[in-house]
Amino acid sequence: MERRPHIVAMPYPAQGHVLPMMELSLCLVKHGFRITFVNTDYAHQKVLNALLEKDFIGDHINLVSIPDGMEPWEDRNDFTKLSESLSRVAPGKLQELLHRINASEDDKVTCIIADTLLGWVFEVAEKMKIRKAVFSPASAALLTQLLSVNKLIDDGIIDNQGNPLKIEKIQLAPDMPFMSTTNFVWLGFEDEIMRRKIFENVNKHNKTLKLADRIICNTAYDLEAGAFTLFPKILPIGPLLASSRNGNSAGCFWQEDTNCLKWLDQQPLKSVIYVAFGSITTFDKTQFQELALGLELTGKRFLLVVRPGITKETNVYPQGFEERVGNRGKIVEWASQQKVLSHPSVGCFLSHCGWNSTMEGVANGVPFLCWPYFGDQPINESYICDVWKVGLNFNGDEFGVIKREEIKNKVEQVLGDERIKARAKEVKELVLKSVGECGYSAKIFSNFVEWLNEDSRLSSPGMHGSGIA
């Protein structure tokens, strides 16, 4: 009996990275692969706690974990601390795991697929002569931004610390959105030391990414054609969505509230504002209350996701808010987002513009209201509002607070704008075509599967390198 190729998949241990890596793994299982899915102990336990049915992942995905080197009480949302701890502790633990797996001739690892932010994984794989692929769960635009660091320095856009030499709007390539030099991903943090460390991490990861044999990205060519002209070695295989394979999503850190789907069933067509800010966005009390009062002021139906920890304070709802909105507002801790966005009752998506949310929204033809915070979110907002023209953004006051009246006005604008609705439908068709039979992403994914199926002995020094300068 022919041995099933064995892939080790390792995401960065954050919700927005684990979900698409799991989706990739589930797609690979359909093509006959066995997957060992490696989380950190912390992320692994959160996934297990939220996984209601093991059938979601089947018998061909083995969930395992290694330590992240942090103490139980330490903050895993501290990117620099987590990344430094991982790079110190995890390489040795991963190598031990791979040795245990490879001890059995029938289980030998064919390839390691690891997140863009885990460059040290490729050093381990190189040492063990295992083929390796980079998986970017974010946009190609973000990846090109990271890979363009040396050129940005040479062109006098940023200094050696990643700081902009002047505030201006630039284009990395024609057909890419203009972006402010204040919005580079490593600048999206208030703490200067953290910004510097993240920039150092970017430089370090860029060097290790050169070890990869393939770079795949959770996007579609037609959504970001400009980025692929800049780095043609990036291979678009997305968007990877549970709906594309008619399945359930798996890999959540919180249990999904399915009651909101029953609530949506009772609402009129295109009448609900879906409001969700991802897994790490936080609000202060003032801004959260303005959000709540803005939703109330619209007079519209809304489904609001309030994740545990989204605010530091308790009892942050405005006095009498929940009683006043009554049944026209539904509040849950976590939702099955792809199922919500595909529901006919949803009329628009008020989002932080994380890439997973962006892909899920455009794939369902839902107009956006953009509320980005940091990282790649401003770039994604530019695509949504300026390039694809499927949404609107908010304007803050002189203190940066988005006021209730602004929320009300933008909700009314987006729900009443027929051009945005038409564009959302066009972009949806573009996305679905890319992952459909004979679509560009589908062809690239098929080629990637063929490469994975090749005998691992074909991985020679001549194959190494992604072609990244």
Side-chain angles (χ1 to χ4, degrees), residues 15-16 46 50 75 77 252-268 270-337 339-341 343 345-354 357 361 366 368-374 377 392-415:
Q15 178 69 99
K46 289 185 82 71
D75 181 13
N77 289 332
C252 287
F253 284 11
W254 297 277
Q255 284 192 6
E256 297 170 341
D257 186 325
T258 56
N259 288 323
C260 64
L261 297 172
K262 298 172 186 174
W263 180 83
L264 284 172
D265 290 340
Q266 300 165 15
Q267 311 309 316
K270 305 291 183 189
S271 67
V272 176
I273 311 159
Y274 173 55
V275 187
F277 292 92
S279 58
I280 59 174
T281 301
T282 57
F283 287 89
D284 62 28
K285 186 174 182 177
T286 298
Q287 184 60 89
F288 186 84
Q289 291 201 340
E290 286 298 322
L291 169 63
L293 291 169
L295 293 172
E296 179 184 350
L297 201 57
T298 66
K300 307 289 185 186
R301 295 167 175 83
F302 63 87
L303 171 58
L304 172 62
V305 179
V306 182
R307 183 195 78 247
I310 198 169
T311 60
K312 291 181 180 178
E313 303 92 344
T314 56
N315 302 320
V316 289
Y317 293 104
Q319 189 173 2
F321 166 76
E322 292 171 280
E323 292 79 7
R324 290 193 302 273
V325 298
N327 193 47
R328 74 172 174 86
K330 179 75 173 173
I331 302 171
V332 297
E333 288 192 352
W334 198 250
S336 177
Q337 184 157 287
K339 290 180 179 178
V340 168
L341 289 169
H343 199 284
S345 294
V346 172
C348 72
F349 183 13
L350 200 166
S351 171
H352 69 308
C353 304
S357 294
V366 180
F368 280 81
L369 287 166
C370 299
W371 193 319
Y373 271 77
F374 66 98
Q377 295 162 20
L392 301 173
N393 53 20
F394 291 108
N395 296 312
D397 66 9
E398 64 270 30
F399 304 107
V401 176
I402 298 172
K403 305 292 282 187
R404 66 194 78 170
E405 295 83 5
E406 169 73 356
I407 294 167
K408 174 184 180 291
N409 292 338
K410 289 296 169 62
V411 165
E412 290 175 351
Q413 283 183 46
V414 81
L415 290 177

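Bear in mind that the values here come from a model prediction, so they are computed numbers and not experimental data. By convention here, the first residue in the shown sequence is residue 1.
A distance of 6.5 Å separates CD in Gln267 from CG in Asn327, rounded to the nearest 0.5 Å. Separation of atoms OG (Ser271) and CD (Gln266) is listed at 11.5 Å; rounding is to 0.5 Å. Distance check, rounded to the nearest 0.5 Å: CG of Asn77 to CD1 of Ile280 gives 5.5 Å. Here the CD1-CZ distance, from Ile273 to Arg328, works out to 8.5 Å after rounding to the nearest 0.5 Å. The structure places CG of Leu293 at 13.5 Å from NZ of Lys408, a figure rounded to the nearest 0.5 Å. Atoms CH2 and CG, on Trp263 and Asp257 in that order, are 12.0 Å from each other to the nearest 0.5 Å.
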Q: Let me see the working for Tyr274 and Val366 under side chain to side chain contact (heavy atoms under 4.5 Å, CB included), right down to the final yes or no.
A: CA-CA 10 Å; Tyr274 173 55; Val366 180; over 6 Å; no
Q | side chain to side chain contact (heavy atoms under 4.5 Å, CB included) assessment of Leu350 paired with Phe277 | A | CA-CA 8 Å; Leu350 200 166; Phe277 292 92; 3.6 Å; yes
Q: Mind running side chain to side chain contact (heavy atoms under 4.5 Å, CB included) on Trp254 and Ser279 for me, showing each step along the way?
A: CA-CA 9 Å; Trp254 297 277; Ser279 58; 3.8 Å; yes
Q: Before giving the answer on salt bridge (Lys or Arg N to Asp or Glu O under 4.0 Å), spell out for Glu313 and Lys285 the whole-Å C-alpha distance, their side-chain angles and the decisive distance to 0.1 Å.
A: CA-CA 7 Å; Glu313 303 92 344; Lys285 186 174 182 177; over 6 Å; no
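Residues Leu303 and Val340 form a side-chain contact, since some pair of their non-hydrogen atoms from C-beta on lies under 4.5 Å apart. Considering only heavy atoms from C-beta on, Asp284 stays 4.5 Å or farther from Phe288 through its side chain. Side-chain contact between Ile310 and Thr281: absent, with no pair of heavy atoms (C-beta onward) separated by less than 4.5 Å. Between Leu392 and Phe394 there is no side-chain heavy-atom pair separated by less than 4.5 Å. For the pair Arg301 and Pro268, the minimum side-chain heavy-atom distance is below 4.5 Å. With a 4.5 Å cut-off on side-chain heavy atoms, Phe349 and Leu341 count as touching.
Using modelled atom types, one side-chain atom of Arg307 and one backbone atom of Gly278 make a donor-acceptor pair closer than 3.5 Å. Checked by atom type and distance alone, the side chain of Gln15 pairs as donor or acceptor with a backbone atom of Phe253 at under 3.5 Å. Side chain of Gln377 to main chain of Phe374: a donor-acceptor pair is present (N/O by atom type, distance under 3.5 Å, no hydrogens or angles). Without hydrogens or angle criteria, Ser345 side chain to Lys270 main chain gives no donor-acceptor distance under 3.5 Å.
In plain terms, the two heavy atoms of Tyr317 and Glu322 that are nearest each other are CD1-OE1, 3.9 Å. When all heavy atoms of Thr282 and Tyr373 are compared, the closest pair comes out as O-CE2, 3.7 Å. Closest non-hydrogen pair, Cys353 versus Ser351, comes out as N-OG, 2.9 Å. Val411 and Lys300 get closest at one heavy-atom pair: CG1-CG, 4.2 Å. The nearest pair of heavy atoms linking Val305 to Trp334 is CG1-CA, 4.0 Å. Across all non-hydrogen atoms, the minimal contact from His352 to Ser357 is CE1-OG, 3.4 Å.
A 6.0 Å sphere centred on CG of Asp265 holds more than 12 heavy atoms belonging to other residues, nucleotides or ligands.
Between Arg324 and Glu296, at least one side-chain nitrogen of the basic residue sits less than 4.0 Å from a carboxylate oxygen of the acidic one, meeting the salt-bridge criterion.
The side-chain contact (heavy atoms from CB on, under 4.5 Å) test with Lys410 is passed by exactly one of Asn395, Thr298, Ile402, Leu415: Asn395. Among the candidates Ile331, Val316, Val332, Thr311, the single residue satisfying the side-chain contact (heavy atoms from CB on, under 4.5 Å) test with Val306 is Ile331.
Aromatic ring centres of Phe283 and Trp371 lie closer together than 6.0 Å.
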